[in-house]
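Each ligand, and each atom within it, is numbered from 1 in the order the structure gives.
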Amino acid sequence: MTLEEQVLDRIKPSPEEKEKLQEVASELLSNVITAAKQLGIKNIIPKLVGSAARNTWISGTHDLDIFIAFPESTSREELKVNGLLIAREVAKDGKNIEERYAEHPYLNMNYRGFDVDLVPCFAVDSASMIKSAVDRTPFHNEFIKMSIPGREDDVLIMKQFMKGTGTYGSELRTQGFSGYLTELLIVHYGSFRNTMRNACNWKPGLTIDMLEHGTVKHEDPLIVIDPTDPKRNVAAALSLNQFAQFIDVCRLYTEEPSEDFFFPKEKAPMKENEIIDMMNSRGSSFVAIVFKAPDLVDDILYPQLDKMEHSVRALLDEYDFKVLNSGYWAKEDAIILLELISSELPNVKKHRGPPVWVSEHAQGFKEKYQDSDELFSLYIEDGFYVADIRRKFSTAKHLFNKRMRTCSLGKHLGEAVTEGFTILEGNEIAKIKESEFRIFLRKWEQKK
Ligand code: CTP
Ligand code: MG
């Protein structure tokens, strides 16, 4: 057996597993119809969509995407109300029922061991006429069901390769490849191997337009025009880093294939002394901003952490602290971790003034600094006045404690940080016990 066949063996659902999924899906579809009848809601069509409907789901991942299609003429309000009424009726037999929001509300529940989404949508005539983002999905379904037969195994292997290398998933936390994008790549390149071969030579701006019908210019690293909607780039959620990461792992795998790409070994949490050793050998300064993580869905939390990381870096930059690396981690606590060239700067700071020959400015500059307590020395350098003055913040900790509130933060993190935060440095960070945080540090240490 080749390596890829061995992988397939582990991830391809067995006939029994497929049968079970089919059975549960049919039951849910008929429950939707029954519920609609009971409620007197007419003309809806339930559909199974997503990987479960396309035979491109990985064994053990029990998720079912059930769409409830309403006639296009239905008003948004009616769709929202009646969609949820039907979903709630069907969910009477489910567990852990949760209302979630995309463009409009839908229900998520656990039903006979499956993770089920019940999503109301509009039955429009084509994917370019959608009224809500989810309306495209049934068209994706038709396209993939028509073009994927015979290549489902390649999709499975590719999805597992992406999962193993951290590039699968289009959520904002991952910014990688969605299931539909993966399927389209396999349709376009024909197989797992051929996709890998080509990806080794991808460059940003690559456009794949299978039907040659694209109508809009996109500025994304990868552009895959949706065969069902000429305006849309299916790869819009893919970040430049994940695009590059994928090219890199494709090359590594091509040079030396190994099972580890598909099923990476779990990383061990770093021990306290290992963390200290790492910091000492790098010789840089580690500073952590720790606060209580607000209870938010990933798609809201992670973009805000991202924004916070950027604004904190900008604040450090403004006050002369040089950042080498940064990252964030969240569970009950959220932690923004920064690695600085140094978390301490000298008391003195050079402040350049005007050229000596611009007399009115020169006068003002000298007057401002000459008698100031903050002045160490005032002199001329390269024709300019220079004042060596006392730095406002000579440690990163002091800066954060005084200026964190000036950082532009997302709504929820802004509130969380206002409630309070702690600054930890060096060995104090090594004392954080949370093992997932210590795995995060391991990944940091190894840079994946
Ligand atoms: N979808 C989409 N855009 C997204 C997410 C989902 O268009 N950002 C649509 C796709 O048509 C997708 C379907 O919704 O096939 C279901 O989404 P999801 O369950 O996330 O993906 P699957 O394709 O089912 O893949 P997986 O095997 O990971 O479940
Ligand atoms: Mg799915």
Side-chain angles (χ1 to χ4, degrees), residues 8 11-13 17-18 21-22 24-25 28 46-69 100-104 106-111 114-124 126-128 130-148 151-187 220 222 224-229 231-239 242 262 297-299 302-303:
L8 191 61
I11 60 170
K12 191 168 169 154
E17 201 183 352
K18 284 190 185 172
L21 177 128
Q22 278 312 325
V24 175
L28 282 166
K47 290 179 183 166
L48 175 66
V49 298
S51 57
R54 307 167 186 165
N55 257 313
T56 54
W57 52 285
I58 287 180
S59 169
T61 58
H62 290 156
D63 85 50
L64 287 173
D65 305 299
I66 306 266
F67 276 43
I68 307 166
R100 295 189 183 168
Y101 293 84
E103 223 174 280
H104 51 72
Y106 65 95
L107 276 201
N108 174 270
M109 65 166 172
N110 190 287
Y111 183 86
F114 285 77
D115 179 17
V116 180
D117 281 339
L118 293 164
V119 185
C121 73
F122 294 101
V124 292
S126 91
S128 57
I130 56 161
K131 287 172 76 176
S132 160
V134 296
D135 301 345
R136 284 195 195 95
T137 301
F139 295 95
H140 296 166
N141 225 35
E142 290 316 305
F143 183 82
I144 297 297
K145 271 161 78 176
M146 180 184 76
S147 49
I148 209 73
R151 294 174 184 153
E152 291 92 338
D153 291 353
D154 288 274
V155 174
L156 292 183
I157 298 169
M158 183 53 92
K159 279 190 180 179
Q160 189 61 41
F161 179 79
M162 289 169 168
K163 284 186 182 194
T165 54
T167 50
Y168 187 71
S170 59
E171 327 76 76
L172 294 169
R173 179 176 181 174
T174 314
Q175 299 183 35
F177 294 79
S178 69
Y180 181 50
L181 175 57
T182 311
E183 291 162 334
L184 289 179
L185 289 174
I186 296 296
V187 171
D220 302 306
L222 174 66
V224 178
I225 303 297
D226 193 338
T228 74
D229 182 353
K231 292 192 294 298
R232 181 172 181 253
N233 174 17
V234 181
L238 179 69
S239 70
Q242 287 288 45
F262 300 94
V297 295
D298 286 359
D299 270 2
Y302 283 87

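Given atom 9 (C) of ligand 1, the protein heavy atom at minimum distance is T137 OG1, 3.3 Å. Scanning all protein heavy atoms for the shortest distance to atom 24 (O) of ligand 1 gives S51 N, 2.8 Å. Among protein heavy atoms, the minimum distance from atom 27 (O) of ligand 1 is reached at K159 NZ, 2.7 Å. Shortest contact from atom 23 (O) of ligand 1 to any protein heavy atom: R54 NH1, 3.6 Å.
Residue D65 has at least one heavy-atom neighbour below 4.0 Å for each of these atoms of ligand 1: 16 (C), 19 (O), 24 (O).
Separation of atoms NZ (K159) and CZ (F262) is listed at 15.0 Å; rounding is to 0.5 Å. Distance check: Q160 CD to T61 OG1 gives 9.5 Å after rounding to the nearest 0.5 Å. Between S147 atom OG and R54 atom CZ the span is 9.5 Å, to the nearest 0.5 Å.
Using a 4.0 angstrom heavy-atom cutoff, E183 does not count as in contact with ligand 1. Heavy atoms of D63 come nearer than 4.0 angstrom to ligand 1 in at least one pair.
With a 4.5 Å cut-off on side-chain heavy atoms, K47 and N141 do not count as touching.
Among M162, R136, H140, R232, the residue whose heavy atom lies nearest to atom 3 (N) of ligand 1 is R232. Ranked by closest heavy atom to atom 26 (P) of ligand 1, the top entry among Y168, F67, Y180, F139 is Y168. Ranked by closest heavy atom to atom 5 (C) of ligand 1, the top entry among A237, G50, S170, G179 is S170.
Looking only at its N/O/S atoms, D63 has OD1 as the one nearest to the Mg ion (ligand 2).
In this structure, H140 and Y180 have parallel ring planes: the angle between them is below the 30° cut-off, well short of the 60° mark.
Aromatic ring centres of F177 and Y168 lie farther apart than the 6.0 Å criterion allows.
Within a 4.0 Å radius of atom 21 (O) of ligand 1, the protein contributes no heavy atom.
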Does the pair S239 and Q242 meet the rule for a side-chain hydrogen bond (donor to acceptor under 3.5 Å, both in side chains), with working shown?
CA-CA 5 Å; S239 70; Q242 287 288 45; 5.5 Å; no

Working for side-chain contact (heavy atoms from CB on, under 4.5 Å), residues N55 and K18:
CA-CA 9 Å; N55 257 313; K18 284 190 185 172; 3.7 Å; yes

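Among the atoms of D65, an N, O or S atom falls under 2.8 Å from the Mg ion (ligand 2).
Listed for the D63 side chain is no donor-acceptor partner under 3.5 Å among the backbone atoms of S51.
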